[in-house]
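Structure first, then comments.
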Amino acid sequence: IALVHGQGKKLSIAVTFNAMEELTRAVVKDMADISLIIPEGMEPHEAEPTPKNLIFLSSADVLIYNGFGMEFYLEKTLAAVGNKKLHLIKASKGVEPIILEKEHEHEGESGHHHHGNLDPHVWLSPVCAISMVKNIKNELSKLDKKNAKLYAKNAKEYIKKLEALVKQYKSAFAKLKSKRLVASHAAFGYLCRDFGLVQSSIQDVFAEGEPSPKEMAELVEYCRKHNIKVIFSEEVASEELAVSLSREVGGKVVKIYTMEVKEEGKDFLSRMQENLKRILENL
């Protein structure tokens with residue numbers, strides 16, 4: 001790669017979904033070509049790369065992925081493209097995974113997916129996002145030494161903004177009486193762990209399966225017992241369930257971002273800030 005850079009060619013970086021794209025762009029700005037390998041707007045828990053995406057991947061220098069089973073298609077896809085010079089960067093490296101009670105398999109549009117037993121939603125915690133940015137910066141700097149100083153400078157600026165959010169909300173969440181967060185889809189485990197909150201959810205980590213009437217009744221009971229009036233929901237998960245639960249407990253549904261796809265033209269930092277602000281205001 002260093003050789004190629006002598007000719008002034010940009011690094012070609014494949015990324016797996018929106019959060020990876022945003023965190024990578026924070027580090028490289030316009031010094032590299034970045035391309036998504038799953039179709040824009042497709043829910044990444046289910047989508048797989050299309051032939052068009054595979055063409056990009058077959059000549060890319062780097063693939064930046066989340067890990068923890070989020071990219072269930074990875075092994076198969078890498079075997080299919082056979083790109084020998086592709087460097088893999090696992091953004092979640094070094095993060096302590098949240099282990100789920102059971103392994104997850106489900107039928108997606110293209111057949112059977114196996115997600116394993118780790119919660120993949122690392123990027124939704126600003127604390128974890130900081131280590132993801134560091135991983136991306138460190139690995140890219142090794143591959144593209146010419147731009148390493150700029151990558152370091154960009155990463156530092158971005159991390160400073162994330163650290164400010166962490167500091168602000170750690171102290172704010174610490175003052176809360178109720179630290180219980182109920183979501184439509186269990187995507188906020190890392191955020192809750194890093195800020196001392198407790199997550200309950202209608203659907204599991206992969207937004208699969210309708211809850212049984214018994215599970216729904218238990219959740220209603222839980223909300224009443226702990227006086228929970230707000231259900232956090234994002235577009236991807238079934239909003240009907242959140243609406244019906246909020247009706248049962250006389251509450252409301254508050255929208256939250258998952259950063260899995262582009263949302264309302266907002267960047268990663270502003271969605272992160274919005275999430276923290278909405279959670280704080282509604283707990």
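Atoms considered below: every heavy atom in the structure, side chains included; atoms not considered: hydrogens, waters and symmetry mates.
Only one option out of R271, K266, E263 pairs with Y257 in a side chain to side chain donor-acceptor pair (under 3.5 Å); it is K266. With F17 as reference, W123 is the one residue of Y73, W123, Y65 to meet the ring-ring contact (aromatic ring centres under 6.0 Å, His included) rule.
Annotation: side chain of S201 is not in contact with side chain of F188 (no heavy-atom distance under 4.5 Å). Looking only at side-chain heavy atoms (C-beta outward), E264 and K255 come within less than 4.5 Å of each other. L57 places a side-chain heavy atom less than 4.5 Å from the side chain of T77. Put simply, the side chain of V28 reaches to within 4.5 Å of the side chain of Y151, judged on heavy atoms. Between I99 and L118 the shortest side-chain heavy-atom distance falls below 4.5 Å. For the pair P97 and Y190, the minimum side-chain heavy-atom distance is below 4.5 Å. Considering only heavy atoms from C-beta on, I89 comes within 4.5 Å of L140 through its side chain. In this structure the side chain of P44 reaches within 4.5 angstrom of the side chain of V261, judged on heavy atoms.
Distance alone, capped at 3.5 Å, places no donor-acceptor pair between the R180 side chain and the C223 backbone. Proximity of a side-chain donor or acceptor of N83 to a complementary backbone N or O of A60 within less than 3.5 Å is detected. The closest donor-acceptor contact from the side chain of E71 to the backbone of N66 lies under 3.5 Å. Looking only at distances, a side-chain donor or acceptor of E22 sits under 3.5 Å from a matching main-chain atom of F268. Listed for the K252 side chain is no donor-acceptor partner under 3.5 Å among the backbone atoms of K229. A donor-acceptor pair is defined here as one N or O able to donate and one able to accept, closer than 3.5 Å; such a pair exists between the side chain of S246 and the backbone of V243. The main-chain N or O of L100 is never found under 3.5 Å from a side-chain atom of N117 such that the two would form a donor-acceptor pair. Distance alone, capped at 3.5 Å, places no donor-acceptor pair between the K93 side chain and the S131 backbone. Without hydrogens or angle criteria, S92 side chain to V95 main chain gives no donor-acceptor distance under 3.5 Å.
More than 12 non-hydrogen atoms from other residues, nucleotides or ligands lie less than 6.0 angstrom from CD of E281. Residue K262 qualifies as open at atom NZ: its count of foreign heavy atoms under 6.0 Å is 12 or below. Around the CZ atom of R247, the shell of radius 6.0 Å holds no more than 12 heavy atoms that belong to other residues, nucleotides or ligands.
Electrostatic pairing of E139 and K90 does not count as a salt bridge here, judged by no charged N lying under 4.0 Å from a carboxylate O. Note on K167 versus E163: no salt bridge recorded, every NZ/NE/NH1/NH2 to OD/OE distance being 4.0 Å or above. A salt bridge does not link K161 with E157: every distance from a Lys NZ or Arg NE/NH1/NH2 to an Asp or Glu carboxylate oxygen is 4.0 Å or more. Using a 4.0 Å cut-off between a side-chain N of Lys or Arg and a carboxylate O of Asp or Glu, R193 and E96 do not qualify as a salt bridge.
Hydrophobic clustering, with ILVMFWY side chains joined whenever heavy atoms are under 4.5 angstrom apart, keeps L63 apart from F56. Taken together through direct or relayed side-chain contacts under 4.5 Å among Ile, Leu, Val, Met, Phe, Trp and Tyr, I34 and I55 form parts of separate hydrophobic clusters.
In terms of heavy atoms, L86 sits closest to V62 at CD1-C, 3.6 Å. Closest approach of L124 to A187, counting heavy atoms only: CD1-O, 3.3 Å. Counting all heavy atoms, side chain and backbone alike, L54 lies closest to P49 at CD2-CB, 3.7 Å.
In this structure, a donor-acceptor pair under 3.5 Å is absent between the side chains of S141 and N138.
Legend: residues meeting side-chain hydrogen bond (donor to acceptor under 3.5 Å, both in side chains) with K29, ordered by chain and number and at least two apart, are N154.
Between H185 and H45, the two ring planes are perpendicular [angle over 60°; tilted spans 30° to 60°].
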